[in-house]
Every structure is written in structure tokens, then in C-alpha cells.
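Below: the structure, in C-alpha cells.
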Amino acid sequence: MLSTTINISKDFSMYPSGRFRSDGLFSGEAFREDFLLPALKEYDKVIIKLEGCFGYASSFLEEVFGGLIRLGYFTKEELKNKLDFSNNPPEREYYIHKLLKLIDEAEPH
Amino acid sequence: MKKLSPEQKLWNLRHRYHLEKRDRRARPGQRAPKGFTKPQPLNAPEEMCLTKNYSGVMEFINDFREVTKTDDDLVVDLKPIQVLAPDAALVFAAELDRWRHVKGIQLRPWKQKKWNQQIRRLLSEMGLFELLQLKGKPRVIDRGAIRFIQFISGNKSDGQLAAKLILKIKEVFPRSDPGYTDQLYDGLSEAMTNVIQHAYPQDGYFPYEIINNQFWLSGSFDYKINRATVMVYDQGVGIPATLPQWGKYAKVIDLLNLLKKDKRDANLIEAALEVGTSRMKEEHRGTGLPELIQFSEKVKGELRIISGSGEVVHKASIKKKSTKTHVQPLFGTFIEWTFDWDKI
């Protein structure tokens, strides 16, 4: 099984913020389209490391993870099977729980 | 007789213009030239505080805004200020910043040495001189119990601005638990994103010339009672004006009808906070308001929102909201988190 790791703070930005590209440079849309989606298409497993960033607003997380469902790239089950958050410190559990909930709540258009 | 060259004629013209311009300015002890009227200074109120003197502060700010609509000269006298709260300071600094951008002129402090010394220190500490690129910044000698964080302004949802504010807080309170500052970052990030996405719609009504998408961040600490505040202010159309575009607006109206409350701004904001916290599957885009509450609930603090004529204060420790309606609306939206640092 091929896997890759994305460390958001090192590969993208320590300061993710905003939903769309028009909101700012390090938006959810930019991360999803430029980093996460290509990795998900190429690899069986994508390990996401959340430490190092100052935080993740709901609009950012929803656009990244909810957006993958809403835009029809993956089903909820497919996406959850491909994502791996196990290598994250305990203080990031809050965000992992939040983004998994956002995946569950997202509905394809 | 030698004739003047075109360059010499031009030099003479310019020199004469500058001499006439100099003569038009009134000099101390001299009668002002004919036709020149010294502008009457606009006096700031003694108590610049949105909590204790909202109407006084807004009257002053609105008078300021009216003058900036014209090409008249403007002199603002800050000497009367005896009390300066961070909320009024942020709104006023934003107005000065807007004036500077819109008019494209360099502002100068007027009779700075006659200002109350504590007020002068606070204005200097909060970065008013840097924000407005003013000259004559005073040396800060005595730091009182209240410290202001320098203003930060921006027009993008730039996480680095939120991080900058949080790092300044951490400098003063190194005991910060990252778990809480993470959520402060989230709240600030959401507030900035809300501004970019909702506050300045293309078809919005703005009574004054605005700087598109602009917001201002600031904070303060009161060392005597270990209390911190973090604030965000924008000069957009306000939350009540943007709510009708929200997918959950019908639920907001339903809630108001259920509670037999009218559609005044304070009630709309309160209802939007209530409705926004109950997530629905079909609405992936909210107003971002619930995120604002999350931090205050985590630290058992307070969230205050002033937008339009409405003010809502959410006290997380007692899970209670209170509302107020002001006669004079605020131009934009003001958000403030207040929390006791030793509870973190």
C-alpha cells in the first residue's frame, strides 16, 4: 500500500485561514486542491500531521474535508479509509474529532 | 533687456504659488490672511469608552465621519480625553486610518503635549503613531496597570495576523495553555474570514467611503485583575444586514417569532448566535458566529458583539446573553472577547 505524509505546517502553512482562495493565501480551497486532492488521487493512504499550526478554523476544515465530499471527489467511507490521523499529538484530538464530524455532515451537491 | 527663459518663468510661478500658500496659513499672533478661516477643533469626549459612554463616543465619531465626507480641514482635539478604553480606541484608530487612506493625507497630532499623559502613553503603546504613520511619538516612561497591544490591520484572512496578536499575548503571559490559544486563533481566523466574505458586499450600502475588506485587530491586559481582551473591528455593512443572505435566516425569524421578539438588530444577532450553534447537515456555510462563542465558552469568558444598532453580550460562565439597542448605530461590526487569564 502506497502512502504519503502531509505535514500541514511544513508543507503548506503554519497559519491556515480562510475558506476560498479569494479569502487569503493559505485557504482551505488552496490546501484541498493543491495538496490534499493530488495526494489522495495518487496514494492509497494519506497521513495528515496537524501539529505546528496555530489552529484550524471551522471554515478552513470544512472547505478542505467537507469540500472533498460536497464536490463529489470521494464518498465519506472512501475518504475516511484513505485518511490517517493517528500520528498526531493529543492536543490535536479536538481538530481530528471536528473534521471527522464535518466529513460526516457534508452532503454531495 | 534679457528675457526670462521658460524654465525661469516656471520657477517664478511655482515660487509665487508657495509664497501665497504660506501667507494663507494663519500665524500665531498675526491676523489671518483675508478669506482664511481656522478650522474649529472637534473635541473628543472625556470618557472614550463604548461600555460606559457609547452615545458620547459615537456622537464624536459620527461628527468626525461627517467632516471627512467634505474637503474641509479637520482638527481633532484629544486633550479632553481622561479615560480611554480599548474598545473606543480601536474604533477611533480605525476611523483615523480610514481617513488617512481615503483622503491620502499625512495626519499630524495636534497639541500633543497638552494631552493627558496616561492617554498619550496608551495611544503610543497601542501603536496609533505607527498605524497612522504619525511623527512625534512620545517616549513611554511609566507603564500603568493596563497595557494595550499594538493595532494590526489587514484585508485578507491572514492567519499570520492572528498569530501575531497571540504571540504578543504570550509574551506577556507565558503560562498560556496552547489548547486555549489554538481556539483563540480559530475565533480570530473565523472573524477575519467573515469580514472578507460578508462584511463588504459589492452591492452593500456604505454611508462613508470605505477601505474594502479592511479590519483591525487589537488587545489589552489589565494586570491588576489579570483580565485580557482581544478585539476585531470592521467597517462593513454589519451582521443584521448580511443575515438575510444566510441559509438559516428563516430559522432566525422563526426563533424570534417563537420568543415574541421583534427584528431589531440586537435580537437578530442574538437569534443568529442561537441558531448558528445548532448545526444542520444541509448548511455547510454558516455565519461563523458559533466559532466566536467557542473560545469564550472554553475560557469561561465573555463575548461582546456590537453591529448596527444592536449589542449582544454572551457571558459563558453563567451561560447568559444580554442585549442592548443603541440609538446611534456602529458603522460596521465590533467583536470583543474578554477573559481572566489566571483561569486558563
Side-chain angles (χ1 to χ4, degrees), chain A residues 8-9 12-32 50-73 76 88-109, chain B residues 152 154-167 169-170 176-200 202 212-213 215 217 232 247 276-295 298:
Chain A
I8 299 181
S9 65
F12 181 63
S13 172
M14 279 173 65
Y15 317 105
S17 187
R19 186 183 276 274
F20 305 118
R21 289 188 199 270
S22 52
D23 294 337
L25 279 179
F26 301 108
S27 66
E29 184 184 14
F31 178 69
R32 184 190 68 226
L50 298 171
E51 74 264 33
C53 288
F54 271 77
Y56 301 92
S58 293
S59 54
F60 176 87
L61 291 176
E62 204 289 325
E63 192 57 35
V64 173
F65 297 99
L68 289 167
I69 307 299
R70 281 188 286 104
L71 297 171
Y73 292 123
K76 294 176 197 184
N88 279 289
E91 60 263 21
R92 294 291 149 169
E93 282 296 322
Y94 166 77
Y95 290 116
I96 295 168
H97 176 76
K98 203 186 212 184
L99 65 90
L100 288 174
K101 195 166 174 241
L102 288 166
I103 291 172
D104 283 335
E105 288 176 352
E107 293 296 334
H109 285 319
Chain B
I152 300 166
N155 57 12
K156 285 284 177 194
S157 185
D158 182 352
Q160 224 169 335
L161 298 180
K164 199 171 163 182
L165 192 64
I166 290 168
L167 286 172
I169 295 174
K170 282 184 167 183
S176 304
D177 176 355
Y180 294 95
T181 54
D182 282 0
Q183 283 170 59
L184 178 56
Y185 175 90
D186 298 345
L188 286 168
S189 168
E190 207 63 66
M192 289 189 289
T193 304
N194 281 348
V195 171
I196 307 306
Q197 291 189 352
H198 304 296
Y200 297 89
Q202 277 192 332
N212 201 30
N213 288 348
F215 57 82
L217 309 176
V232 183
T277 50
S278 53
R279 296 190 66 89
M280 300 289 286
K281 278 192 174 189
E282 68 272 16
E283 187 53 51
H284 65 274
R285 285 192 65 187
T287 60
L289 292 176
E291 194 103 342
L292 306 184
I293 288 183
Q294 275 170 21
F295 177 73
K298 191 82 184 181

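Computed from a prediction, not measured in an experiment: that's the story for all the values here. Naming: A, B, ... by sequence-line order, numbering from 1 per chain.
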Legend entry - Criterion side chain to side chain donor-acceptor pair (under 3.5 Å) against B:D186, the qualifying member of A:Y94, A:Y56, A:Y95: A:Y95

Legend entry - Max heavy-atom pair count under 4.5 Å with chain B, selected residue of A:G66, A:A57, A:G24: A:A57

Legend entry - Test item: B:E190 side-chain N/O and A:S59 main-chain N/O as donor-acceptor pair under 3.5 Å: yes

Inset, instruction - Over all heavy atoms of both residues, which pair between A:F54 and B:D182 is shortest? Give the atoms and the distance, please. - result: O-OD1, 3.0 Å

Legend entry - A:Y15 OH to B:L161 CG distance, which is reported to the nearest 0.5 Å: 10.5 Å

Inset, instruction - Please report the closest heavy-atom contact between A:G18 and B:S157, naming both atoms and the distance. - result: N-OG, 3.4 Å

Inset, instruction - Take B:K156 and A:D23, measure what side-chain contact (heavy atoms from CB on, under 4.5 Å) needs, and give me the verdict at the end. - result: CA-CA 6 Å; B:K156 285 284 177 194; A:D23 294 337; over 6 Å; no

Legend entry - Euclidean distance, A:S22 OG relative to B:N213 CG, rounded to 0.5 Å: 9.0 Å

Legend entry - Heavy atoms of other groups near A:K98 NZ, more than 12 under 6.0 Å: yes

Legend entry - Minimum-distance pair of heavy atoms, taken over all atoms of B:Y185 and A:S17: OH-CB, 4.2 Å

